Colleague: 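Here it is: the structure, laid out below.
Predicted, not measured: the structure shown is a model, and the values here were computed from it.
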Amino acid sequence: MKNDKVKEYHGRLAKKRVSLCIKRAFDIVVSLIMIVLLSWLFIILAVMIKIDSKGPVFFRQTRVTAGNKDFRIFKFRTMVDNADKMGALVTSGNDMRITKVGSKIRKCRLDEIPQLINVLKGEMTFVGTRPEVRKYVDAYNDEMMATLLMPSGVTSLASINYKDEDAIIDKCVSEGMAVDEAYMQKVLPEKMKYNLEYIESFSFFKDIKLMVRTVASVLK
């Protein structure tokens, strides 16, 4: 994993060990508190999902995090059961696999709340590159691999700026591209520019600012 490009980013992060330790301590304390405080919301959303469609409450999928390691992500299920076996690994705005309740949950990003469990376990962090499936990670170039120096994030500058990526994918599909092709060629490379910028300029205080921006973006 540590090619010459990755080593450059690793050297920068090595100088920020204190900030990285603070980041992990923050993840543990805040994720634990939020899991307790939001337990009522977990129950309400779980009931809504079960009433709306057949299948489990949680969507579990293998993603890739720090060290190029696989982990199982927690998300509230917003699509029909086994949707990942019925089509592309990313969704478009008009994806017929999305359920009625799932559509509403996705708009407010409430489907991401169970990732607090992944954060508590250390598989994810609050701010960092969004975790991709192995298929997309295997297509990373040398520099993109640097995003795997830190745990995957619940939010990031890329996810804020590309919160409407479904519209971009829909446009590409209307022009004849496949969903996966549109994501890998048009969306992922642009998001990676923001992700690499984050790794290069990481600081704990910038994380806090990004978390505030995320909340503001969701509430718009």
Side-chain angles (χ1 to χ4, degrees), residues 1-28 31 58-75 83-85 87-91 111-112 114-162 165 169 178-204 206-207 210-211 214:
M1 175 178 157
K2 287 188 178 180
N3 56 64
D4 290 340
K5 290 286 187 180
V6 173
K7 287 178 180 178
E8 291 178 16
Y9 287 92
H10 182 270
R12 296 188 186 102
L13 286 176
K15 300 175 182 178
K16 302 178 180 180
R17 291 176 182 172
V18 174
S19 291
L20 289 169
C21 288
I22 294 173
K23 179 181 176 72
R24 179 56 190 148
F26 177 87
D27 284 346
I28 294 171
S31 62
F58 294 118
F59 170 68
R60 304 296 309 279
Q61 187 182 55
T62 300
R63 301 285 181 93
V64 183
T65 189
N68 204 13
K69 296 178 180 178
D70 291 341
F71 76 103
R72 296 267 287 171
I73 197 171
F74 280 95
K75 297 182 74 172
D84 54 335
K85 299 177 182 177
L89 295 174
V90 292
T91 58
D111 57 317
E112 311 284 356
Q115 288 165 43
L116 290 168
I117 300 170
N118 294 118
V119 173
L120 183 61
K121 293 172 66 178
E123 297 165 335
M124 292 182 67
T125 181
F126 278 108
V127 179
T129 301
R130 287 294 297 158
E132 300 286 359
V133 296
R134 174 60 63 183
K135 174 182 178 179
Y136 299 145
V137 173
D138 286 344
Y140 282 6
N141 61 34
D142 285 353
E143 189 172 22
M144 289 178 180
M145 292 299 292
T147 60
L148 299 178
L149 288 171
M150 297 174 69
S152 298
V154 175
T155 189
S156 67
L157 183 58
S159 59
I160 293 173
N161 290 336
Y162 277 80
E165 70 176 56
I169 293 175
V179 175
D180 279 340
E181 182 185 11
Y183 181 73
M184 293 179 71
Q185 292 186 18
K186 300 296 184 179
V187 178
L188 185 60
E190 295 303 313
K191 289 171 69 174
M192 275 297 172
K193 293 177 183 177
Y194 291 108
N195 292 331
L196 290 167
E197 178 186 329
Y198 168 74
I199 297 290
E200 188 171 5
S201 62
F202 160 73
S203 78
F204 176 70
K206 285 185 178 180
D207 276 10
L210 274 171
M211 291 176 70
T214 298

Colleague: Please check if the side chain of Arg130 supplies one atom and the backbone of Val154 the other of a donor-acceptor pair under 3.5 Å.
Modeller: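 Yes, Arg130 side chain to Val154 backbone: donor-acceptor pair under 3.5 Å.
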
Colleague: Among Lys206, Lys193, Arg12, Lys15, which residue satisfies the salt bridge (Lys or Arg N to Asp or Glu O under 4.0 Å) criterion with Glu200?
Modeller: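 Passing option: Arg12.
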
Colleague: I want to check something: taking the side chain as every heavy atom from C-beta on, are Thr65 and Pro131 in contact at a cut-off of under 4.5 Å?
Modeller: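 No, their side chains stay 4.5 Å or more apart.
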
Colleague: Which value, rounded to the nearest 0.5 Å, describes the distance between Tyr140 atom OH and Leu188 atom CG?
Modeller: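 Nearest 0.5 Å value for the OH-CG distance: 5.5 Å.
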
Colleague: Could you pull out all residues at least two apart from Asp27 that satisfy salt bridge (Lys or Arg N to Asp or Glu O under 4.0 Å)?
Modeller: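 Partners of Asp27 by the salt bridge (Lys or Arg N to Asp or Glu O under 4.0 Å) criterion come out as none, since no residue qualifies.
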
Colleague: Determine whether the side chains of Thr155 and Thr214 contain a donor N or O and an acceptor N or O closer than 3.5 Å.
Modeller: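 Yes - a donor-acceptor pair under 3.5 Å links their side chains.
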
Colleague: Quick one: pull up CE in Met150 and NZ in Lys16 and give me the separation to the nearest 0.5 Å.
Modeller: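 With rounding to 0.5 Å, CE (Met150) is 9.0 Å from NZ (Lys16).
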
Colleague: Sequence neighbours left out, what passes ring-ring contact (aromatic ring centres under 6.0 Å, His included) with Tyr162? Give chain and number order.
Modeller: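 With sequence neighbours excluded, Tyr162 shows a ring-ring contact (aromatic ring centres under 6.0 Å, His included) to no residue whatsoever.
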
Colleague: Is it the case that the side chain of Arg63 and the backbone of Ile73 share a donor-acceptor pair, with hydrogens and angles ignored and the cut-off at 3.5 Å?
Modeller: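 Judged by distance alone, no pair lies under 3.5 Å.
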
Colleague: Would a distance-only check, ignoring hydrogens and angles, find a side-chain to backbone donor-acceptor pair under 3.5 Å from Lys23 to Val127?
Modeller: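 Confirmed, Lys23 side chain pairs with Val127 backbone.
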
Colleague: Donor-acceptor pair, distance only, cut-off 3.5 Å: does the side chain of Thr129 make one with the backbone of Leu148?
Modeller: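 A pair under 3.5 Å: no.
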
Colleague: Has the side chain of Thr62 got a donor or acceptor atom that lies under 3.5 Å from a matching backbone atom of Asp70?
Modeller: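 Not at all, since once roles are kept as given, no pair shorter than 3.5 Å links the two residues.
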
Colleague: If you compare all heavy atoms of His10 against all heavy atoms of Leu149, which two are closest, and at what distance to 0.1 Å?
Modeller: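 What the structure gives for the nearest pair is N-CD1, 3.6 Å.
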
Colleague: Is there a donor-acceptor contact under 3.5 Å from the side chain of Tyr194 to the main chain of Ile160?
Modeller: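 A pair under 3.5 Å: no.
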
